[in-house]
Colleague: 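Got a structure for you, written out below as C-alpha cells; questions coming shortly.
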Amino acid sequence: MHMRGRILLLGGAIGLVAAALSGCGGTDSGAILIGEFASLTGKEATFGISSHQGTALAVEEINAAGGILGRPLELRTEDDQSKAGEPANVVNKLISRDGVVAVLGEVASSRSLEAAPVCQANKVPMISPASTNPKVTESGDYIFRVCFIDPFQGTVMANFASKTLRARKVAVFTDVKSDYSKGLAKFFKEGFVKAGGQICAELDFNGGDKDFKAQLTAIKAAAPDAVFVPGYYTDVAIICIQAKQLQLSVPFFGGDGWESEKLVEIGGAAMEGHYFSTHYAADNPTPRITAFVEAYKKRYAGKTPDAMAALGYDSVMFLADGIKRAGGTEASGLRQALAETKEFEGVTGKMAMNSQRDAVKAAVILQIKGGKFRYMATVAP
Amino acid sequence: MEFLQQLINGLALGSIYALIALGYTMVYGVLRFINFAHSDVLMLGAFSAYYLAPAVARVLPLPSIGGALVVGLLACLICAGLGVLIERLAYRPLRSRPKLTVLITAIGVSLFIEYTGQHRAVFGADTKRFPELMPGTEFHLGSLIVGSNDLVVLVTTLLLLAGLWFIVHRTKVGTAMRAVSHNQQAAALMGVDINRIIAFTFALGSALAAVAGILYALKAPGIDPLMGVQPGLRAFIAAVLGGIGNLPGAALGGLVIGLLETFAGGISGLSNYRDGIAFAILILILLFRPAGLLGKVTVEKV
Amino acid sequence: MFSRSPLSLPTACQGAKRWLIAAVLCSILLSFGQFNRYYLGVAMDVGINIILAVSLNLINGYTGQFSLGHAGFMAVGAYTAAKFSLVFAVAAPEPARPVLFLVALVLGGAVAALSGLAVGIPSLRLKGDYLAIVTLGFGEIIRVIVQNLEAVGAASGLKGIPKYTTLGWTFALASVTVYVVVSLVNSTYGRGFIAVKDDEVAASSMGINPVRYKVTAFVVGAFFAGIAGGLYAHHKQFLAPTGFDFLKSIDIVVMVILGGMGRTASVALAAVVLTLLPEVLRPVSEYRMILYALLIIGLMMARPQGLFAFGRRAVK
Amino acid sequence: MRKGIGMSAPSILSLREVTIRFGGLTAVSGLNLEIGESELVGLIGPNGAGKTTAFNLITGVYAPTEGEIRFAGRPVTAKRPHDLTKLGIARTFQNIRLFSSLTVFDNVRAATQLHRSHGVRMALWRGAAFAAAEAEVERGVMELLEIFDLGRVRDEIATSLPYGDQRRLEIVRALATQPKLLLLDEPAAGMNPTEKAELMRLIRFIKERFKISIMLVEHDMKVVMGICERIAVLEYGKKIGEGTPGEIRKDPKVIAAYLGTE
C-alpha cells in the first residue's frame, strides 16, 4: 500500500510537470525584448557584473535616443551564478518563456559553450561579449561574438614577446582551472615557438590560489627573459606581488584577463612595467571611447570601465546595428544581418564578422606605468 | 638552492594552513563537529581589518607594527563576537540533535555568510585591495629569500599553538573545555556552565580565524567574500590529517600539506594537480591511520 | 513507511513491478508531447535530480554513511557516457542511436559504480566526519583529473554532446531508480542496510556483513549517479569540470536531508521542490542563494527529520 | 590440555590460552574455557574482571593478542563477527542494542538473512520465488515472535517496547540466526525479582526447546547459581575458578575475590 502510494506520488509529480509544461510566456508591448545571462554572483561575479553594467548602459543609451526602429529595448537579465548547468536553463527560460529575440552573454567561454546549443536549437541569435575560446561559435550559425579569439591574441602576444621584448626564453604560467587561460597559453606557445623562441618553463596554478611562490621559484630557476601569465587580474596581481618578493624581476605579460582597475589597485608597485593585450584602452583619446568612459563613470559611481564592460556595451550596439539593418527582429533576417556585418565601429574598435562569426578586429597592447594603463600599440589582424 | 627556497615557501604556506587548522581543530575538540563556517569567519576577519584600517590610520600610522596589532585585536574582537553570535543563533538550538544536523546547518551558515557577503549592499563580489598593515621586507640569505610576513606567520602560529595548548591544558577554563569535550552531561553535573564554555570556545576559535584571515590577506592582498573557501578546505584537511581535535596534530597537518603542495607546485606537469594533492595524501594517510597522524583510535565499547 | 501488515509483503512485491512498468510507459508517452522548451528543460533537471537524490539516499539515508562525493560519481558517469556518444553514436545510423544511448548510460553508470567500489573500500575503516571528508576529497580528485584530461576537453569542457536525453528517458530512469532502491530496501535482504545504519556492531553480530552492505550501497548509489550524469551530459550537451564541484554534492545532500533520510518518496519530492525553487526565485535572483542558505538552516532547526517526513517513525 | 571439570558432552567452544592487551592493559590473560554441546555455562567475576571482553573475543568483536579459539572443532581465532554468526555463535548485549529504526518484526527479520543466498537479484526481480521466500521468512519470524509472546507488538518500533520486552526481543533476534551457541551478556540487568524468575524460566526453556549451548555473563548470583550447570570465575582477566554452582560457592579463591581477602 505504501509502495503504491510512493509510485503514485511519482506519477503525480510527472503529471504536474507535464501540466506546467504547457504554459508559455511572451510580450505584447512594443518593446524589443533582449535577453542577457551573466555571472552576477558566484566565483566569477566580478566579470559578469562588469559586462552586465556595460550592457545595461548601452540599453539605456539606446532607449534615451529613441530606441531602435522606433521601439525601445527591454533587457531581461538572468544570473547564472557562475555555475555550470545554469546557463542552459536560464537561456532556455529567456527564449522559451520570455520570448527574447536575441541573447547576450557570457564572459566565460565554458558557460557560453553551454548556452550556445540552446540558442542554436531555438534559432535565436546569441552574441557573446567576451568569450575568446574559438570553440564557442562552432556551435552553429546563430552564435556570434564581438571580441577577438584566443589564437589571434596568442599570436599577437607571441610576436610582442619576440619582437618588442626581444625575449628568447619565456616561461608560461597557466590557470588550469580556466579554459580561457589554457587556450590562450596554447596559442601563445605555438606562436612563440614559431617565431623562434623557446618555452623554458611551463607551470600551472588554480584560479583563486593565493600562494604562487612554489611555481614562481621554479620559474625563477629556469631563468626566463619574460613570463607569460594568461590569467585573470585577481590572480595576476597576487602573482606579480609574490614574484617581486622572490626577486623574479623580468617582464610579465598577459592577455585581456588582466584588464581591470583592480590589477594596479591590488598589485600596486609590483605591476610596474608589465604588459598585456586587450580589447581597448580607456585612455585612448578617441571621441567614442572618451564618451563611453565618461558615461560609464557617471552611471557607475566613478568606476573606470574595463574591457568586459566595453565589450558588454559593444554587444548591445552590435545587436542594435544588426536589427536596424535587418529592419526588424525576425530571427533568420537578424542572423543574416549580423553575419554580414562588414564594418561595425564599437568602443572596442572596428570589427567585421568573418565566416566563423568571430569578430575580426584589432588588439591593443598596454603597459602599466605609474599605476596607469598606458596605450602602447594597436595590432591589427 | 631551489630546494631550500621551496622548503621556505612550503613552511610559510604550511604555517598559514596550520594557523587556520588550529581553529577548526579546537572547535572540533570541544564540540565534536566540523565548523564549516570557520573559513567564512576568516574572511570576515580580513574584511573587518579592511574596514578598520582607514579608521585606525587616523590615530596610528599605518603600516606599522603597533597599528597592525590594534587592527588585528579589533578584528579579533569583532570575529569573536560574530562567532558567539553564530553559535548562539545557529548551533546552540541544535546541540542535542544528531551531529549530521549540525554539520548541515554549518554548511548552511557558511553559504549564508558567503552569499550575503557577495551581495552588493554588503561587501560586493569584487576583489578588494587589502591595506598594508605592517611594513614588509625580504631578508636575503645568500640567494635564499625569506619574507618578513612569512616569519610573522610562522611565529604567530607557534605562539598561538603554545598559547592554546596552555589554555586547554593549564587553565581552569581549559579543564572545563576538556570536560565538556569528554562528556557534556557529566560536565554540566559537575557545575561547568556548558553554554559559557562553548561560547568561549567559539569566541577563541573565531578570533583565531580573524588572525589567520588577516595574515592570509597580508600574504595575498586581494580579498573577496569567497577568499576563505580554498585555504579553509586545505586547513580542514590538515586538521583531519593531523587527527582532528588534536592541536599539535593540526599544526603538523598544516605543515605537511603546505610542504607537499609547494614541492608539487614547483614541478612542471605536477603543478596542475595541486588541488587534488592534499586530498590524495589525506586519503592515503587515513587508509593507514584512520584517526589521522596524531589522533588516537577510539575503540568502540560494546 | 515500510510494509507492515501481514499481507502487505508479497502483494507489494508484485504490485511494485506493475507500477514500474506503468511509470516507464507513462514517461515514454510523455516524450511524444510538445512542450515549452524551458519547462521541458527544468522537468528534465527535476528527473535527473530525483535520480541523484534517491540514489544518494541509499548511501546516506538507508545505510547511514555520509557521502559528500555524489557529484564525483555523477561526473564519472557524465564524462564516460558523453565520450562514448561522441566516439560511437554520432557516426552511427539514426535508428541505432537510442540503443547506443542506453549503452552509453549503462557504461557511464558502470564506470561510476567501479569508482563507487573504490570509495566504498576506504569506508570500511572510516566513519562519520572522516568518511565525509574522504568522499568529498574523492569528488575533488575526480574534478582535478577531469580538468587535466585532454581527451575529455580538460578545463575547456566537453562540447558537442548530442541531445539524446528526453523527458521519457529521464523519468523512465528515475522510475527505475526509485524502483531499485525501494525494492532493495524493502526485502529481508534490504533490512540489512538499515540494520547497519542503526548499529553496526549489533548488525555484524546478527550475521550481517557491514562491509558488504556499505560497499553495495556505494556501488548501487554510484551507478545511478553515473546514469544521472549521462542524462545530464546529453541534456546540457556541454560538460565543464567546474560543474561537478563540492557545491553540487552539497545540493544533493540537502535534497536527501530536506526530504528526510531514508524515505524514498520524500526525498524524491524534495528533489522536485529544490529543483523548482531556484526557478521560482529567479525574479529575486540576487537573494536566491541567501534564501537557500536560510532555508537549510531553518529546516535543520524546525524539521531535522526532513520537511516531507510524514508518518510515524521513531525519532531518537 | 586442561579440561573443564564436569565436562560430559563433546566441546563446542574452546578457548586456549587466550590473551588480549589494550595498550598496557591486559584485559584477559591466558584464558582457557570449554563449553560442551547443550551446556549452560555461567561466567562471573567482579566488575572489570574481563567478562564482557571475553564475550567480545568469542564473538569476534576483538581479535585476541595471543591464543586460539575453536568453535565446533574449527579454529575461528580472529574471524569477523558476522562470519562467526554464520558458524553458529549469537549474542545479546549488555546495553541493549536493537535496531532503533526498525520494527520488532524487522529486527528479527534482519537477523534471518544470513542463512539465505543473498537476495539482491531476487529482491529486484520480485518474482514468485521472492514472494515465497519472503513468506517463509515471515512465517519463521512470526513463529519465533509468538513463542516469546512478542507477536502482538510486531509492528511497534523495537526501541519503543518496555525494557523487559526489549531484552526478550534481543534474545529472539539472536535465536533467529539459528545459533549453536548463544551468549547472553547480563540478561538480568535492570530486572526486578519477578522478571528475573521469568528470565530464568525463559533461559531454561530456550535450552530445552532449541537444543543449544548457552553461556551467560551475569552479576546476579541467584540467577547464575539457579540455572547454570557450570560456572567459570574471572578476576583481573584470569580464570580463578571453575566448577558446578555448589563447588563455586565453596571455592575459597572465589569467595576472596568477591568479599575481599582482608
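These figures come from a predicted structure and were not determined experimentally. Throughout, protein chains are lettered first and strands after them, A, B, ... in sequence-line order, and every chain is numbered starting at 1.
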Colleague: Do you know which two heavy atoms are closest between C:Met300 and B:Thr101, and how far apart they sit?
Modeller: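 So the two residues come closest at SD-CG2, 3.6 Å.
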Colleague: Is chain B contacted by the side chain of C:Glu140, its backbone, both, or neither, given a heavy-atom distance below 4.5 Å?
Modeller: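 Contact with chain B is through the side chain of C:Glu140 alone.
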Colleague: How many angstroms lie between CZ in B:Phe112 and CD1 in C:Ile297, if you round to the nearest 0.5 Å?
Modeller: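 The distance works out to 6.5 Å.
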Colleague: Is there a donor-acceptor pair under 3.5 Å between the side chain of B:Arg97 and the backbone N or O of C:Met301?
Modeller: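 Indeed, once roles are kept as given, a pair shorter than 3.5 Å links the two residues.
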Colleague: Counting only non-hydrogen atoms closer than 4.5 Å, does B:Arg274 touch chain C with its backbone (N, CA, C, O), its side chain (CB onward), both, or neither?
Modeller: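 Looking at B:Arg274, nothing touches chain C.
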Colleague: If you tally heavy-atom pairs under 4.5 Å against chain C, which of B:Ile237, B:Ile104, B:Val240 wins?
Modeller: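 The candidate making the most pairs under 4.5 Å is B:Ile104.
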Colleague: Using only atom types and a distance under 3.5 Å, with no angle test, would you say the side chain of B:Asn272 pairs donor to acceptor with the backbone of C:Asn148?
Modeller: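 Not at all, since once roles are kept as given, no pair shorter than 3.5 Å links the two residues.
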Colleague: Can you tell me which portion of B:Leu287 sits under 4.5 Å from chain C's heavy atoms? Options are side chain, backbone, both or neither.
Modeller: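 For B:Leu287, heavy atoms of backbone and side chain both lie under 4.5 Å from chain C.
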Colleague: Name the region of C:Arg288, side chain, backbone, both or neither, that has any atom closer than 4.5 Å to a heavy atom of chain B.
Modeller: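 C:Arg288 has no heavy atom closer than 4.5 Å to chain B.
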Colleague: Give the C-alpha distance, both sets of side-chain angles, the deciding distance and a yes or no for side-chain contact (heavy atoms from CB on, under 4.5 Å) between B:Glu114 and C:Met289.
Modeller: CA-CA 9 Å; B:Glu114 283 165 19; C:Met289 286 307 287; over 6 Å; no
Colleague: Pick one of side chain, backbone, both or neither for B:Phe36, based on which atoms fall under 4.5 Å of a heavy atom in chain C.
Modeller: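 Contact with chain C: side chain only.
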Colleague: State, to 0.1 Å, how close C:Ile133 and B:Phe279 come at their nearest heavy-atom pair, and which atoms those are.
Modeller: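 Distance-wise, the nearest heavy atoms are O-CE2, 4.1 Å.
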Colleague: Determine, stepwise, if the pair C:Phe66 / B:Leu103 fulfils side-chain contact (heavy atoms from CB on, under 4.5 Å).
Modeller: CA-CA 11 Å; C:Phe66 193 60; B:Leu103 182 72; 3.2 Å; yes
Colleague: Around B:Arg88, counting heavy atoms of other residues, nucleotides and ligands shown, do more than 12 lie under 6.0 Å from its CZ?
Modeller: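 Result for CZ/B:Arg88: open.
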Colleague: Where is the tightest heavy-atom contact between C:Ala293 and B:Gly108, given as atom of each residue plus distance?
Modeller: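 Closest approach of C:Ala293 to B:Gly108: CB-O, 3.4 Å.
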Colleague: C:Leu294, C:Val253, C:Asn60: which one forms the most heavy-atom pairs within less than 4.5 Å of chain B?
Modeller: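 Heavy-atom pairs under 4.5 Å are most numerous for C:Leu294.
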Colleague: Taking side chain as everything from C-beta outward and backbone as N, CA, C, O, which of these in C:Ile290 sits under 4.5 Å from a heavy atom of chain B? Side chain, backbone, both or neither.
Modeller: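 Backbone plus side chain of C:Ile290, per the 4.5 Å heavy-atom cut-off to chain B.
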Colleague: Check whether C:Leu247 gets within reach of chain B through its side chain, its backbone, both or neither, counting any heavy atom under 4.5 Å.
Modeller: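 When you check distances to chain B, only side chain atoms of C:Leu247 fall under 4.5 Å.
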Colleague: Counting only heavy atoms closer than 4.5 Å, note whether B:Leu282 contacts chain C via side chain, backbone, both or neither.
Modeller: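 Side chain of B:Leu282 only, per the 4.5 Å heavy-atom cut-off to chain C.
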Colleague: Under the criterion side-chain contact (heavy atoms from CB on, under 4.5 Å), I'd like the reasoning laid out for C:Tyr287 against B:His119: C-alpha separation, chi angles, the key distance, then a yes or no.
Modeller: CA-CA 8 Å; C:Tyr287 298 102; B:His119 194 271; 3.5 Å; yes
Colleague: Would you name the heavy atoms of B:Leu111 and C:Ile296 that are closest together and state the gap between them?
Modeller: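 It is CD1-CD1, 4.2 Å.
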Colleague: Taking C-beta and beyond as the side chain, do C:Val144 and B:Ile277 meet within less than 4.5 Å on heavy atoms?
Modeller: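 Contact flag for C:Val144/B:Ile277 side chains = no.
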Colleague: Measuring from B:Ile244:CD1 to C:Tyr130:OH, what's the distance to the nearest 0.5 Å?
Modeller: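 If I round to the nearest 0.5 Å, the distance is 6.5 Å.
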